[in-house]
A.B. asks: 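Mind looking over this structure? Questions follow.
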Number of protein chains: 2
Amino acid sequence: MAHDHAMPTDLTRNQGLVLGALNHAPAPLSAYDILDLLRSEGLRAPLQIYRALDKLVERGLAHRLESLNAFVACADEHCHRKGLIAFAICEGCGKVDEFADPVIEERLGNWARETGFKTERTTMEIRGRCAECLKAA
Amino acid sequence: MAHDHAMPTDLTRNQGLVLGALNHAPAPLSAYDILDLLRSEGLRAPLQIYRALDKLVERGLAHRLESLNAFVACADEHCHRKGLIAFAICEGCGKVDEFADPVIEERLGNWARETGFKTERTTMEIRGRCAECLKAA
DNA sequence: ATCAATACGTTATAGCATAACATCGCCGCA
DNA sequence: TGCGGCGATGTTATGCTATAACGTATTGAT
């Protein structure tokens, strides 16, 4: 099912190319992976990729996985996802599952309120093995 | 308060130096920051730092902050901390607050059980501003 | 004494990310 | 129409983060 997500029409050429690459990938891609995929389209420098990624992440069309130094397309077709998202990353096949948990969000919110911490961004990443890879083992 | 934590006696020289550097730092340090602090002790190569860090992290004496590519000493004096730990990282002063929340742990456990995912490691990092920095602003 | 396991030291290299500067195209507006 | 701002682009150079591959040294058990 790694195919045509709804693709916004107001992306620039580079942003579109980068998002396309992410959409068609079965697993997270590093900026340099993306660059290699897009050399045939005329992209040459890391910065071209990073700039596009910055915009995509800013708009929630892509996510950065901190523990991997890599990026994935947002799994939510219409990218309505607000707030906290958790990622489950399979070390076997590389697939990433994206989910939100309101209870966790609430707990973190409570903690922040109690300690006076102003949250700007939360990253939550689970590493392990997905059901399929466990079955295959 | 950034001083003498209980320091295990069975550390190697390099491990002790690295943990010492982390213990005395007011904020997370990158491996290269640590290297610079320890050149006077004769350390010269990144690998010497990374190897020590690997052991320290493995034993729970230090933690890696994925969103920072940096390391901190474990805040728990006796390092009894098991399971999931969340980190709140202040973008102002760099201070890191470490806490555990059993409810969050339970929620993640439930999610894993339901989807058949075998969790190996979880990272949870909150970026924002601490109460002190907000007051100072 | 020997062997295995672990730590150490060193050089080289791979992988991830941004600084700095010049150009171009688009759009609003005098 | 032309000016000016803004955001995207292209390019070169550089900096930061992490590991590969090799050899030596130390330790500890049998």
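Below, chain A is the first sequence line, B the second, and so on; all start at residue 1.
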A.B. asks: Has B:T119 got a side-chain atom pairing as donor or acceptor with B:R121's backbone, closer than 3.5 angstrom?
C.D. replies: no

A.B. asks: Using atom CG of A:L35 as one end and atom C1' of C:dC16 as the other, report the distance to the nearest whole Å.
C.D. replies: 12 Å

A.B. asks: Assign A:A31 to base, sugar-phosphate, or nothing according to its heavy-atom contacts below 4.0 angstrom with the strands shown.
C.D. replies: nothing

A.B. asks: Check this one for me: any side-chain N or O of A:T12 less than 4.0 Å away from OP1 or OP2 of D:dA8?
C.D. replies: no

A.B. asks: If you go through the side-chain atoms of B:Y32, does one of them form a donor-acceptor pair with the base of D:dA18 closer than 3.5 Å?
C.D. replies: yes

A.B. asks: Quick one, A:I104 with B:W111, criterion side chain to side chain contact (heavy atoms under 4.5 Å, CB included). Give me CA distance, side-chain angles, the key distance, then yes/no.
C.D. replies: CA-CA 11 Å; A:I104 293 177; B:W111 179 90; over 6 Å; no

A.B. asks: Distance check needed: C:dT13 C1' versus B:L47 CG, whole Å only.
C.D. replies: 12 Å

A.B. asks: Please pick, from C:dT10, D:dT17, C:dT18, the nucleotide with the shortest atom-to-atom distance to any side-chain atom of A:Y50.
C.D. replies: C:dT18

A.B. asks: May I ask you to decide whether B:E91 forms a salt bridge with B:R127, counting only side-chain N to carboxylate O separations under 4.0 Å?
C.D. replies: yes

A.B. asks: Examine D:dT11: is either OP1 or OP2 under 4.0 Å from a nitrogen or oxygen in the side chain of A:R44? Give yes or no.
C.D. replies: yes

A.B. asks: Just N and O in the side chain of B:Q48: are any of them under 4.0 Å from OP1 or OP2 of C:dC8?
C.D. replies: no

A.B. asks: Hey, which sits more toward the 5' end of DNA chain D by its nearest nucleotide, A:N69 or A:R51?
C.D. replies: A:R51

